[in-house]
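Since this is a predicted model, take the numbers as computed values, not measurements. Throughout, protein chains are lettered first and strands after them, A, B, ... in sequence-line order, and every chain is numbered starting at 1.
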Amino acid sequence: MFKKSILALIFGLLSLSALASDKLVLLTSLDPDENRPRFRRSSWDINQKLENIFYDRLTPYHTTRENIKIIHFATIEDLTRELADPENKAVFWVSHSNGSNANSALDKNVVVDYQGKDLSEGFQNPSSKLQYLGFVGCFADFLVQKNLANGYMQNNENLIINSSTKKVDARRALKYAIGNYLYHHFEGNLQASQKACAEVTRHELIIRRTIPIDITEDQYITSIKILQRDKLVGLFPKGKPGELQEIKVKLVPGEVKRDIKLVFDSGIASNQIAMGEFEVLGADYQVFSTRDGRPLGRGRYVFNYKGSIEELPQTIITTKQNCIE
Amino acid sequence: LNKYLGKTLEEKMKKTMLSLVLLATMLMSTSSHAIVSATNGSRALALTGLVMMDLSQVVVVRRSFGYTVVRVITYPALLVAGLVLLDDEGRYDISSEISEKTAAKAGLTNAEKYAIEDNSEEINVLFDEISLEVEEFEGTKEQKVELAKTLWKDYSANLDENVMSGLVKVFNIQ
């Protein structure tokens, strides 16, 4: 009896560990009220339709419902967390996006969440364990190509990404992405990175955000991206009124001050965003403002480094973000 | 009977009206999760102000063709047409990288090209700021463009002077 219990326990643990690194995740960020085809009832919900497609195509033959994770109204916090989670084998993202490779004066590579906030930088750092990314959005492939050209999305040299250079229909494109994933799965093309993580040097800094206590009804507290020259180096979570947040970021060393400029960005130009106040601890950063000292920006601020490069904290040796061995 | 029919018609009318009111309420009360942001139209007007900053070019056009408005109005119209492709959502930015081809086409000096690239974050913050101020301003399109022009001049005073001259050249490429 005792032996049987032990065997069952070991078997159970082995099964769990086998499933643990095989999670399939669907993230959707669409407002159902704004994404309902004409002449449909108000109960018609795009998110429910996408969820049904995901379950129908992947269970019960390929995986179990327990091995699937679905998040609707996904934010950049959900996206970065799921892309970084070493237990996830494949992530499918569905939202509005736009992209272009034209050498235009306007950068049209945007991916928006259900509230219209740009979260394109959220795709920069999938973990080295992620094997498949289904990026369902219009012209999404242009953003993927831009990221790859800028050295992002490269923690796993075997990562397979499915995205389109055209306008796409959410349901049809998700079905296609799932089919594409299954094809690669059965062909044995999906695998985690086989490479050792490269060492990099970084400056470690702590940044503080103080969210105002008085938030009006039409104001939104949202997560705030911390960008160093378009590179996502940190993310303040959404938070609550009056909350004091502190996060550690790792900056890429720069030769000149502009290389370590920081942008605090909600992803949307709006008066409704309660950004809060920001302070970079132990480093002389100042917000870009008018001559009379009013910070410039609605939904994003620029912070310029005013000290000398030598005054920054000593660099540390670490591995690339989300590179897991 | 006529009285009865009349009453029925009246009732039907009432019911129809009530249904219409209810339907309208339902449509209006459909809650949207979107945050109100600067519209693409306002962003195009903000850029138009930028285009108009180079007054010398406007004068040249007036002297050559006898009208000023064509150049100033045609360009934003093209911009707006381009923005329709943006899948009607999202904040688009002024690009942080100027290709060699664009730089050559616009006649940018090296100093202007690097000034734009080095200050791209500040430029886009100004772009947000001006777009929203233009949106909030109640006036004609021409007045809004005039406001945008003034704001670009005011707010860019803290930036390298090559930034604005470079931007005006880039957005004046035909």
With a 4.5 angstrom heavy-atom cut-off, could you sort out which part of [X] is near chain B: side chain, backbone, both or neither?
{"X": "A:Ile273", "result": "side chain"}
{"X": "A:Asp265", "result": "side chain"}
{"X": "A:Arg298", "result": "both"}
{"X": "A:Ser120", "result": "neither"}

Q. Are there residues of residues 107-115 of chain B that reach to under 4.5 Å of chain A by heavy atoms, and which ones?
A. none
(Q) Within residues 120-127 of chain B, which residues come under 4.5 Å of chain A, heavy atom to heavy atom? (A) B:Ser120, B:Glu121, B:Glu122, B:Asn124, B:Val125, B:Leu126
Any idea which heavy atoms bring [X] and [Y] closest together, and the distance?
{"X": "A:Leu119", "Y": "A:Thr75", "answer": "CD2-C, 4.2 Å"}
{"X": "A:Arg209", "Y": "A:Ile221", "answer": "NH2-CG2, 4.0 Å"}
{"X": "A:Met275", "Y": "A:Ser266", "answer": "SD-CB, 4.1 Å"}
{"X": "A:Met153", "Y": "A:Phe123", "answer": "CG-O, 3.2 Å"}
{"X": "A:Gly99", "Y": "A:Asn109", "answer": "CA-OD1, 3.2 Å"}

Q: Using a cut-off of under 4.5 Å on heavy-atom pairs, state which of B:Asn119, B:Asp128, B:Ile98 scores highest against chain A.
A: B:Asp128
Q: Sort out for me which of B:Leu132, B:Ile130, B:Ile94, B:Asp154 touches chain A most, counting heavy-atom pairs under 4.5 Å.
A: B:Leu132
Q.
Between the side chains of A:Lys261 and B:Asp118, is the shortest nitrogen-to-carboxylate-oxygen separation below 4.0 Å, so that they form an ion pair?
A. no
Q: Report the residues that fulfil side chain to side chain contact (heavy atoms under 4.5 Å, CB included) with A:Gln124, sequence neighbours left out, ordered by chain and then residue number.
A: A:Glu121, A:Asn147, A:Tyr152, A:Lys231, A:Leu232
Keeping the roles fixed (side chain from [X], backbone from [Y]), state whether a donor-acceptor pair exists under 3.5 Å.
{"X": "A:Gln219", "Y": "A:Thr216", "value": "yes"}
{"X": "A:Ser270", "Y": "B:Val36", "value": "yes"}
{"X": "B:Glu133", "Y": "B:Ala148", "value": "no"}
{"X": "A:Asp118", "Y": "A:Val111", "value": "yes"}

Q.
For the CD atom of A:Gln115 and the CD atom of A:Gln272, what is their distance to the nearest 0.5 Å?
A. 9.5 Å
Examine whether an atom of [X] lies under 4.5 Å from a heavy atom of chain A, and if so say whether it belongs to the side chain, the backbone or both; otherwise answer neither.
{"X": "B:Glu135", "answer": "neither"}
{"X": "B:Ala157", "answer": "both"}
{"X": "B:Glu117", "answer": "backbone"}

Q | Set of salt bridge (Lys or Arg N to Asp or Glu O under 4.0 Å) partners for A:Asp45, sequence neighbours left out | A | none
Q) Is A:Phe92 close to A:Leu27 at the side-chain level, that is, under 4.5 Å between some pair of heavy atoms? A) no
